[in-house]
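The chains referred to below are lettered A, B, ... by the order of the sequence lines, with proteins before strands, and numbering in each begins at 1.
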Protein chains: 2
Amino acid sequence: MKPLQKPNDPLSNFSLQVFHMNGLLMRSGDIITSSIGQSSARWQVLGRLGHGTQTVANIARDMGLARQSVQRIADALTKEGLAVYQDHAADRRTKIITITSKGAEVLNAIYVQYAQWNQHLMTKLNLEQLETIADALNKVGRVIEEEINSYLTDKNNVEVPNE
Amino acid sequence: MKPLQKPNDPLSNFSLQVFHMNGLLMRSGDIITSSIGQSSARWQVLGRLGHGTQTVANIARDMGLARQSVQRIADALTKEGLAVYQDHAADRRTKIITITSKGAEVLNAIYVQYAQWNQHLMTKLNLEQLETIADALNKVGRVIEEEINSYLTDKNNVEVPNE
DNA sequence: AAAATATTGACAGCATGCTGTCAAACTGGT
DNA sequence: ACCAGTTTGACAGCATGCTGTCAATATTTT
């Protein structure tokens, strides 16, 4: 049988680097937010509320997350008094979620921490390099996204050929 | 109060791209493994077993994960018959975990799927670009890692100055 | 207007990461 | 040889992502 070798192709190496960087950035986010008793996920959602009033389903779509993932976080934020639900006159299913002044304070505190970290880190990093990587990731990402989609489509066509 | 604007600095953009790419790669991994009834996490651990016999704590260290995260997956793999624990003569605490022939089959099946996906994707992607990004991520990652560590060290020095 | 379809939030449950605590076993310094 | 500290796996519990189902409500189609 095949020796089950450790993958060493360019795509695997690329993936490993992305995973590693993802871990570092998540850790950074957690460090920033944990000093304020929050988390990266809370920060993300709270940030959306900062841009204006939203429904949970809307935020989830914006963030590319499952509706229920955001729902749980929104519930938690509300329970902690960082956000409030309000009835939505035009749609009795949905509640509108709004940031409270306490939530805004927390968000601002996180922002200050983030700005500090950002500023410090940028003294050690090359701005153009970050931009270059971001652009390249964006391009590669679009290709991969397309291939994932076409793969899923093909698979469906094969497995559910009728209709 | 500050308007809580949407962050638009280079570091944030960079982070967003990394998160997005991470999501795409994770989704690819899940697609590959789900057709075999596995998951990316299982694949990772199973892959380590393919390189040789290990203890759980060892694998966790290698992968940069918490010991108990790997432990749960290893237990699951064992329960499914893809791996077995064996007593370790030299250390009565630890069990040695080994891939079974069934596990090797599964791993190989995943590998075939992955190789297909990899090969297809590489017809759409620029190899040099992937390598360039990987290198750049590696460099940036080392800087960020160092800054995270020095930040944590500083923080500890401030909060726990004695001893 | 009525019927079919889609969306939303509540509820429940899974996977994977994390942490903390504990007892057993190993290791190293004296 | 002993004692202090470390490592390991078991167990329990949390956070965040996911999914699926359901009833209430919008929305679209006919």
Side-chain angles (χ1 to χ4, degrees), chain A residues 19-20 22-31 33-34 36-46 48 53-80 83-97, chain B residues 19-20 22-31 33-34 36-46 48 53-80 82-97 163:
Chain A
F19 292 152
H20 186 221
N22 188 74
L24 290 175
L25 295 176
M26 293 289 283
R27 212 180 331 153
S28 306
D30 285 342
I31 291 172
T33 51
S34 71
I36 319 206
Q38 292 296 316
S39 69
S40 293
R42 307 283 189 84
W43 176 18
Q44 293 279 93
V45 173
L46 213 47
R48 298 301 171 124
T53 286
Q54 300 267 352
T55 66
V56 164
N58 252 319
I59 295 171
R61 264 190 300 269
D62 272 13
M63 295 176 65
L65 294 183
R67 195 163 37 95
Q68 300 298 19
S69 309
V70 175
Q71 185 78 51
R72 187 159 16 77
I73 297 192
D75 287 350
L77 290 175
T78 299
K79 190 176 274 180
E80 293 172 19
V84 282
Y85 286 124
Q86 297 171 315
D87 284 349
H88 189 177
D91 186 338
R92 266 180 294 172
R93 289 171 308 179
T94 71
K95 297 170 187 173
I96 290 217
I97 185 166
Chain B
F19 292 153
H20 186 221
N22 189 74
L24 290 175
L25 295 175
M26 292 289 282
R27 213 180 331 154
S28 305
D30 285 341
I31 291 173
T33 50
S34 70
I36 316 197
Q38 291 297 315
S39 69
S40 293
R42 307 281 188 84
W43 177 17
Q44 293 280 95
V45 173
L46 212 48
R48 298 299 171 123
T53 285
Q54 302 267 351
T55 65
V56 163
N58 252 320
I59 295 171
R61 263 190 300 270
D62 272 13
M63 294 176 66
L65 294 183
R67 193 163 39 94
Q68 300 298 18
S69 308
V70 175
Q71 185 77 50
R72 186 158 17 76
I73 296 192
D75 288 349
L77 290 175
T78 300
K79 189 175 275 181
E80 293 172 19
L82 306 184
V84 282
Y85 285 123
Q86 297 172 315
D87 284 348
H88 189 177
D91 185 340
R92 266 180 295 169
R93 290 171 306 177
T94 72
K95 298 171 186 171
I96 291 217
I97 184 166
E163 163 209 343

Produce the list of close N/O pairs, under 3.5 Å, pairing protein atoms with atoms of nucleotides 10-13 of chain C; give distances to one decimal.
from: C:dA10; atom 1: OP1; to: A:Lys95; atom 2: NZ; distance (Å): 2.7
from: C:dA10; atom 1: OP2; to: A:Gln71; atom 2: NE2; distance (Å): 2.7
from: C:dA10; atom 1: N7; to: A:Gln68; atom 2: NE2; distance (Å): 3.1
from: C:dA10; atom 1: N6; to: A:Gln68; atom 2: NE2; distance (Å): 2.4
from: C:dC11; atom 1: N4; to: A:Gln68; atom 2: NE2; distance (Å): 3.1

Figure out the [atom1]/[atom2] separation between [X] and [N], and round it to whole Å.
X       : N      : atom1 : atom2 : result
A:Ile97 : C:dG9  : CD1   : P     : 10 Å
B:Asn22 : D:dG17 : CG    : P     : 13 Å
A:Ile59 : C:dG9  : CD1   : C1'   : 13 Å
B:Arg61 : D:dT7  : CZ    : C1'   : 8 Å
A:Asp87 : D:dA24 : CG    : P     : 17 Å
B:Gln44 : C:dG17 : CD    : C1'   : 13 Å
A:Ile73 : C:dG9  : CD1   : P     : 15 Å
B:Asp62 : D:dT8  : CG    : P     : 12 Å

Result for 5'-nearest mapping on DNA chain D, choosing between A:Ala90 and A:Arg42, is A:Arg42
Select from A:Val70 and A:Arg92 the residue whose nearest nucleotide in DNA chain D is closer to the 5' end of that strand.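 Final value for this comparison: A:Val70.
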To the nearest 10°, give me the bend of the helix from C:dA1-D:dT30 to C:dT30-D:dA1, comparing the axes of its five terminal pairs at either end. 30°
To the nearest 0.5 Å, what is the distance between CD1 on A:Ile96 and OG1 on A:Thr55?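 So the CD1 of A:Ile96 and the OG1 of A:Thr55 are separated by 7.0 Å.
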Atom CD in B:Gln38, atom CG in B:Leu82: separation rounded to 0.5 Å? 5.5 Å
Can you figure out which of D:dC18, C:dC26, C:dT8 approaches the side chain of A:Ala57 most closely? C:dT8
Candidates C:dG17, C:dC26, D:dC18 - which lies nearest the side chain of B:Asp91: C:dC26
Minimum heavy-atom distance A:Val45-A:Leu77, with the two atoms named: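 Nearest heavy atoms, A:Val45 then A:Leu77: CG1-CD1, 3.8 Å.
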Grab the two heavy atoms, one from A:Ile31 and one from A:Ser34, that are nearest each other, plus how far apart they are. O-OG, 3.3 Å
Any residue meeting side chain to side chain contact (heavy atoms under 4.5 Å, CB included) with [X], in chain and number order, not counting sequence neighbours:
X       : answer
B:Gln71 : B:Val56, B:Gln68, B:Asp75, B:Tyr85
B:Leu65 : B:Met63, B:Val70
A:Ser39 : A:Ala41, A:Arg42
A:Gln54 : A:Asn58, A:Ile59

Would you classify [X] as touching base, sugar-phosphate or nothing, given that sugar-phosphate means primed atoms plus P, OP1 and OP2, and contacts are heavy atoms under 4.0 Å?
X       : answer
B:Thr94 : sugar-phosphate
A:Ser39 : sugar-phosphate
A:Ala41 : sugar-phosphate

Does anything in residues 55-65 of chain A pair up under salt bridge (charged side-chain N to carboxylate O under 4.0 Å, His left out), and if so which pairs, sequence neighbours excluded? A:Arg48-A:Asp62
Pairwise salt bridge (charged side-chain N to carboxylate O under 4.0 Å, His left out) hits with a residue in residues 82-93 of chain B, at least two apart: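 For residues 82-93 of chain B, and leaving out neighbouring residues, the salt bridge (charged side-chain N to carboxylate O under 4.0 Å, His left out) pairs sorted by first residue read B:Asp91-B:Arg93.
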Set of residues satisfying side-chain hydrogen bond (donor to acceptor under 3.5 Å, both in side chains) with respect to A:Ser40, sequence neighbours excluded: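 A:Ser40 satisfies side-chain hydrogen bond (donor to acceptor under 3.5 Å, both in side chains) with A:Asp30 only.
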My understanding is that only residues two or more places apart in sequence, or in another chain, count here; which of them pass side-chain hydrogen bond (donor to acceptor under 3.5 Å, both in side chains) with A:Thr94? A:His88
Between the protein and nucleotides 3-6 of chain C, list the N/O to N/O atom pairs that are separated by less than 3.5 angstrom.
none

Does A:Arg27 place a side-chain N or O at less than 4.0 Å from the phosphate oxygens OP1/OP2 of C:dG17? no
Examine D:dC18: is either OP1 or OP2 under 4.0 Å from a nitrogen or oxygen in the side chain of A:Ser69? Give yes or no. yes
